Amino acid sequence: MTRQKIDDQRKQQIRAAATRCFVRRGYSSTRLLDIARDAGLSKGGVYFHYKAKESLFHDILDAQLQALQERWAADVPPDLPADRALAQVASNHLRLFVEHGDEAKLCNLLVTMSGQIQEYREKLERTFAEMRTAYAEIVRRGVEQGVLSGDPQVVARGIIAVIYGLAAQASVDPQGRIPLTVEQAVEQIMRLAGSKA
């Protein structure tokens, strides 16, 4: 195994431990020593890869936002009718929070911190803008196809509000569960989008 691969694996190990610590204790209360203990490493082992908690949090944030963008729209065939595409994308998006409970909590922590730190706010705004654009495009196609209705931008904002409202509720649930099944949530999203089905 190459040195680069070992370093990448170690960084993944540290990010996973840090994510657990951040969602359990909060950002301010988490120390590099806490992260090192959770990862089963020395503080120096963490420090070798991350000189400060802030750089580690940025790395986690960037990795999480990239993974979210890759996964939530994954596996949606481009020729799928817009209403079915919307249901699938929303389902993928929600399943991300259902299957990875810490991601909902981390997202909620990011939303909280974005009110205090401009750089986090900018990253979150970019991510939401990309999501809105993608959802609005699906809705626009659905309106053209006659299977969805409404202003695509307004509907896209509503969809994101529903999904992140559920994620916020999951972040305070002891088991990290959203308060609806994915199917129930998608049904509400489809109603919001004026689905004709």
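All of these numbers come straight from a predicted model, not from anything done at the bench.
One distance of note links CD1 of Ile60 with CD1 of Ile35; it measures 6.5 Å at 0.5 Å rounding. Rounded to the nearest 0.5 Å, atoms NE2 (His58) and CG (Leu61) are 7.5 Å apart. The CG atom of Asp83 sits 12.0 Å away from the CD atom of Gln88 when rounded to the nearest 0.5 Å. Here the CD1 atom belonging to Ile189 is positioned 12.0 Å from the CD atom belonging to Gln184, to the nearest 0.5 angstrom. Here the straight-line distance linking atom OG1 of Thr19 with atom CD1 of Ile14 works out to 11.5 Å at 0.5 Å rounding.
The shortest heavy-atom contact between Val182 and Ser91 is CG1-OG, 3.6 Å. The minimum heavy-atom distance linking Ser28 with Lys53 is given by the pair O-NZ, 3.5 Å. Nearest heavy-atom pair across Val139 and Val155 is CG2-CG1, 3.8 Å. The nearest pair of heavy atoms linking Val143 to Gly150 is CG2-O, 3.7 Å. Ala136 and Ala156 make their closest contact through N-CB, 3.6 Å (heavy atoms, listed as atom of the first residue, atom of the second, distance). Nearest heavy-atom pair across Leu192 and Ile159 is CD2-N, 3.5 Å.
Between Arg31 and Asp34 there is a salt bridge, with a side-chain nitrogen of the basic residue lying less than 4.0 Å from a carboxylate oxygen of the acidic one.
The side-chain contact (heavy atoms from CB on, under 4.5 Å) check on Asp62 picks up Lys123, with sequence neighbours excluded. Taking Arg126 as the reference, nothing meets the salt bridge (Lys or Arg N to Asp or Glu O under 4.0 Å) condition, with sequence neighbours excluded. Partners of Ile160 under the side-chain contact (heavy atoms from CB on, under 4.5 Å) rule, at least two apart in sequence or in another chain, are Phe128, Met131, Arg132, Tyr135, Tyr164. Scanning for ring-ring contact (aromatic ring centres under 6.0 Å, His included) contacts around Tyr50 gives an empty result, with sequence neighbours left out.
Applying salt bridge (charged side-chain N to carboxylate O under 4.0 Å, His left out) to Arg15 and the options Asp59, Asp38, Asp8 leaves one that passes, Asp59.
Hydrophobic clustering, with ILVMFWY side chains joined whenever heavy atoms are under 4.5 angstrom apart, keeps Leu33 apart from Phe57. Residues Leu56 and Phe48 do not share a hydrophobic cluster, defined by chaining ILVMFWY side chains whose heavy atoms lie under 4.5 Å apart. By the criterion of side-chain heavy atoms lying less than 4.5 angstrom apart, applied directly or through intervening Ile, Leu, Val, Met, Phe, Trp or Tyr residues, Val154 is not grouped with Val162; the two fall into different hydrophobic clusters.
Looking at Thr30, its side chain never comes within 3.5 Å of a backbone N or O of Arg25 through a donor-acceptor pair. Gln145 places no side-chain N or O within donor-acceptor distance of the main-chain N or O of Pro81, the cut-off being under 3.5 Å. No donor-acceptor distance shorter than 3.5 angstrom exists from the side chain of Ser29 to the backbone of Gly26, with no hydrogens or angles considered.
More than 12 heavy-atom neighbours from other residues, nucleotides or ligands sit within 6.0 angstrom of NZ on Lys51.
Applying the salt bridge (Lys or Arg N to Asp or Glu O under 4.0 Å) test to every pair with at least one member in residues 141-155, sequence neighbours left out, gives these pairs: Arg140-Glu144. Here salt bridge (Lys or Arg N to Asp or Glu O under 4.0 Å) pairs that include residues 179-188, with residues two or more places apart or in two chains, are Arg95-Glu183, Glu187-Arg191.
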message: As a quick check of understanding, evaluate side-chain hydrogen bond (donor to acceptor under 3.5 Å, both in side chains) for Glu122 and Gln118, giving each step before the final call.
response: CA-CA 6 Å; Glu122 290 169 359; Gln118 177 70 22; 2.9 Å; yes

